[in-house]
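Reading through the structure tokens given below for one structure.
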Amino acid sequence: LLFLSQAANAEIKIGKGSLTFNAGVASGYVFRGVEQNKAQPSPFVGADFTHPVGDFGIYLGVWAGASDSNTSPSDGHNYEYDIYGGVTKTIGIATIDIGYASYIYPGATSNSATTQTAEYYGKLTFAPDKQPYTFGAAYYVDDTGGQKNGSTKLDRDYYEFYVTYDFGVI
């Protein structure tokens with residue numbers, strides 16, 4: 001996905017804030033290890049608004065992409081859209097991000113797939129000065145009482161640990 005995606009980005013300054021847009025096509029859409037579009041190319045679009053408020057940053061965004069259920073061919077949805085927002089605060093090399101995200105699957109039937117799920121999240125990222133890497137951790141807490149797939153309830157609380165490295169221009 002990382003190497004096979006193509007994306008376009010644009011930014012508009014609005015006062016001290018900014019509105020950014022992105023669009024592209026990914027070779028596949030995998031979310032937390034689960035294939036979301038039956039191994040097909042997945043076009044996507046998104047928009048994010050960010051603005052400083054005192055020592056904090058706030059953000060609101062929307063993202064939409066191709067998504068097709070793996071559990072039932074008749075559930076009726078072929079895309080998803082996500083709405084999210086949060087607050088960030090940087091202290092030295094650490095950035096704290098606290099937010100909320102809602103994932104919506106229009107057309108999905110309530111008895112064959114989840115029509116909506118949502119979660120609170122908290123992230124802590126460390127970005128040492130003048131270093132090409134960052135590292136951090138995140139925790140996501142389900143806000144919809146778990147996801148039902150038939151008679152099985154799936155718990156969606158999720159931990160994440162990550163490292164990034166900037167290889168520069170390749």
Side-chain angles (χ1 to χ4, degrees), residues 1-2 5-26 28-34 36-37 42-67 77 79-108 114-147 154-169:
L1 182 67
L2 236 162
S5 68
Q6 295 296 316
N9 298 297
E11 180 177 8
I12 299 171
K13 292 290 185 183
I14 302 174
K16 292 181 180 179
S18 66
L19 181 61
T20 58
F21 301 92
N22 63 77
V25 177
Y29 175 19
V30 177
F31 179 69
R32 297 184 182 158
V34 178
Q36 299 293 308
N37 199 32
S42 186
F44 61 88
V45 297
D48 295 285
F49 175 72
T50 59
H51 198 280
V53 177
D55 291 341
F56 295 88
I58 61 166
Y59 61 91
L60 298 170
V62 63
W63 180 90
S67 172
H77 87 277
Y79 73 98
E80 77 171 81
Y81 69 93
D82 308 339
I83 300 170
Y84 49 90
V87 177
T88 62
K89 170 75 173 160
T90 299
I91 304 166
I93 66 168
T95 299
I96 300 166
D97 180 354
I98 299 171
Y100 186 81
S102 180
Y103 310 98
I104 301 154
Y105 307 93
T114 297
T115 58
Q116 178 180 4
T117 187
E119 62 193 5
Y120 293 97
Y121 57 86
K123 300 178 185 179
L124 179 60
T125 303
F126 296 94
D129 259 356
K130 300 179 183 176
Q131 298 298 321
Y133 60 86
T134 65
F135 57 95
Y139 180 59
Y140 303 83
V141 179
D142 186 287
D143 186 38
T144 54
Q147 188 175 28
L154 305 171
D155 184 12
R156 294 294 182 183
D157 291 1
Y158 184 78
Y159 298 92
E160 176 180 79
F161 299 94
Y162 52 91
V163 175
T164 65
Y165 189 87
D166 183 356
F167 290 98
V169 178

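Residues Glu80 and Tyr103 bring no donor and acceptor atom of their side chains to less than 3.5 Å of each other. Looking only at atom types and distance, the side chain of Thr125 has no donor-acceptor partner in the side chain of Thr95 under 3.5 Å away.
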>> With side chain to side chain contact (heavy atoms under 4.5 Å, CB included) as the criterion, how do Tyr140 and Lys123 come out once you've worked through the C-alpha distance, each side chain's angles and the decisive distance to 0.1 Å?
In response: CA-CA 9 Å; Tyr140 303 83; Lys123 300 178 185 179; 3.3 Å; yes

> Please walk me through it: do Tyr84 and Asp48 pass side chain to side chain donor-acceptor pair (under 3.5 Å)?
Replying inline: CA-CA 9 Å; Tyr84 49 90; Asp48 295 285; 2.4 Å; yes

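In this structure, the side chain of Asp142 does not engage the main chain of Asp157 through any donor-acceptor pair within 3.5 Å. A donor-acceptor pair is defined here as one N or O able to donate and one able to accept, closer than 3.5 Å; such a pair exists between the side chain of Ser42 and the backbone of Ala66.
Looking at Ile14, Ile58, Leu60 one by one, the single match for side-chain contact (heavy atoms from CB on, under 4.5 Å) with His51 turns out to be Ile58. Partner of Tyr59 under the side chain to side chain donor-acceptor pair (under 3.5 Å) criterion, chosen from Thr88, Thr50, Asp97: Asp97.
Ring orientation note: the planes of Phe44 and Trp63 are close to parallel, at an angle under 30° on the 30°/60° scale.
Counting heavy atoms from C-beta on, the side chains of Phe21 and Val45 never come closer than 4.5 Å.
More than 12 non-hydrogen atoms from other residues, nucleotides or ligands lie less than 6.0 angstrom from OH of Tyr121.
The two residues Ile104 and Pro106 have their closest heavy-atom pair at O-CD, 3.3 Å.
Among residues two or more places apart in sequence or in another chain, the side-chain contact (heavy atoms from CB on, under 4.5 Å) test is passed with Tyr133 by Pro128, Gln131, Phe135, Tyr165. Under the side-chain contact (heavy atoms from CB on, under 4.5 Å) criterion, Thr164 pairs with Thr134, not counting sequence neighbours. Annotation: side-chain contact (heavy atoms from CB on, under 4.5 Å) contacts of Ile96 (sequence neighbours excluded): Ile91, Ile98, Leu124.
With rounding to the nearest 0.5 Å, the separation of OH in Tyr120 from OH in Tyr100 is 5.5 Å. Interatomic distance, Ile12 CD1 to Ser18 OG, rounded to the nearest 0.5 Å: 9.5 Å.
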